[in-house]
Chemist: 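Would you mind keeping the following structure in view while I ask a few things?
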Amino acid sequence: MTTRIVELRRGILKKNDELAAGLRERYAAGGVLVLNLVSSPGTGKTAFLERTLRELRERGSKVAALVGDLETDNDARRLAASGAPVRQINTHGICHLDAEMISKHLDGWELANLDYLFIENVGNLVCPSSYDLGEKIRVALLSVTEGEDKPLKYPTLFNSADAAVITKMDIAEPCGFDRELALKNINEIRPGIRIFETSAKTGSGMQEWLGYLSEARVQKG
Amino acid sequence: MHELSIVSSVVETVQESLANYPGARVVEVRLKVGALASVVVDSLEFCWGIATEDTPLVGSRLVVVTVPVVMHCADCDADVEIESVQSFRCPLCDEPCGDLRQGRELDIESFEIEEADEAETAAKSEIGVKA
């Protein structure tokens, strides 16, 4: 018997990474800015996205959304009320979206006709952080009801994010939300990250968020 | 909990590469996992037995080497190891640093196989002919 070591040195998620690289090229060719929204279940991703889609459309932007959930098309129906094209991705038990799912669900959409494409990931703060969807901006969302230490508990996701959004700011006070501590914790995990404090209900913080989106679209190169 | 799908893709990759070594038995598979890779090493090990069943990797060992987070501190102009993923500050100057250089790895490093020697293979095939 002979023993031999076979060197592989390759990424386990190489297939996903290659597909994501292909998607990134497609997005760039179509001139569409793509964002991947990640948070726990119940943070208010859908409400935040509903408002974002509506306000962008009112400003004349062309927007679309893909929304991931284990089951049901409830979120897609909610988001479609904004008038934007929306597609639901049901993962049937899988805890994250991957590049292949995105690729399949883009069929028939002309990316060149879009300014923004939002991907609402499955509610989960762990697994989605491993899967590149080719997005330009990964957004980590956190609500005032979740506790200020969420970024410390889930550092992998917050560390891989390009922007952070705090949701439900309208109920921050009754929840006893410690704003300074939350901002400090986010910065501890991802120093210098842009943070938006928002309420989908009252619209507070949305101007800054929409301003950031339009700047990022200009810069997307 | 995406460890089973991760482990399954390791098994698939090793199996593909194993096609170059007919008759070989896999002894060990080595992974390199960063501290920020968001996978649980215990879960990887737990899933290994399940994922390797009915494959040429059955009975093999999974060895997971974890690598720490390394950031580049602009102030110190140095690559520094972060001890805790609770705080991304340079251990030398205590300034925040966001320039990640290592820690998200999720790689297959290598695998170890046992191959029958040529003489043994020849002997076996001779026996096979006689039988």
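Chain letters run A, B, ... following the sequence lines, proteins first, then strands; residues in each count from 1.
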Chemist: Taking B:L57's backbone N and O only, do any of them form a donor-acceptor pair with B:T55's side chain (distance below 3.5 Å, no angle check)?
Modeler: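 Here the side-chain-to-backbone pair exists.
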
Chemist: Working to the nearest 0.5 Å, report the span between OG of A:S143 and CD1 of A:I166.
Modeler: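 Interatomic distance, A:S143 OG to A:I166 CD1, rounded to 0.5 Å: 10.0 Å.
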
Chemist: Below 4.5 Å from any heavy atom of chain A, which atoms of B:L18 appear? Answer side chain, backbone, both or neither.
Modeler: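 Neither the backbone nor the side chain of B:L18 comes within 4.5 Å of chain A.
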
Chemist: What part of A:Y154 lies closer than 4.5 angstrom to a heavy atom of chain B: side chain, backbone, both or neither?
Modeler: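 A:Y154 has no heavy atom closer than 4.5 Å to chain B.
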
Chemist: Report yes if some heavy atom in the side chain of B:W48 is under 4.5 Å from a heavy atom in the side chain of B:V10; otherwise report no.
Modeler: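 The answer is yes; the side chains approach within 4.5 Å.
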
Chemist: Find the one option among A:D149, A:T156, A:I12, A:L8 whose heavy-atom pairs under 4.5 Å with chain B are most numerous.
Modeler: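 Of the options given, most contacts go to A:I12.
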
Chemist: Please report the shortest heavy-atom distance between A:A99 and A:L19, naming the atom on each side.
Modeler: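 Scanning both residues completely, I find the closest heavy atoms to be CB-CB, 3.7 Å.
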
Chemist: Is it the side chain or the backbone of B:S17 that comes within 4.5 Å of chain A heavy atoms, both, or neither?
Modeler: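 Contact with chain A is through the side chain of B:S17 alone.
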
Chemist: Indicate whether the side chain of B:S38 and that of A:S130 have a donor and an acceptor atom separated by less than 3.5 Å.
Modeler: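 A pair is found: one side chain offers a donor N or O, the other an acceptor, under 3.5 Å apart.
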
Chemist: If you count heavy-atom pairs within less than 4.5 Å of chain B, which of A:L13, A:N185, A:N159, A:I5 leads?
Modeler: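 The option with the most such pairs is A:N159.
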
Chemist: Is B:I82 close to chain A through its backbone or its side chain, or both, or neither, when contacts mean heavy atoms under 4.5 Å?
Modeler: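 For B:I82, neither part sits under 4.5 Å from chain A.
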
Chemist: Which atoms of B:R30 are under 4.5 Å from chain A, going by heavy atoms: the side chain, the backbone, both sets, or neither?
Modeler: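 Looking at B:R30, nothing touches chain A.
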
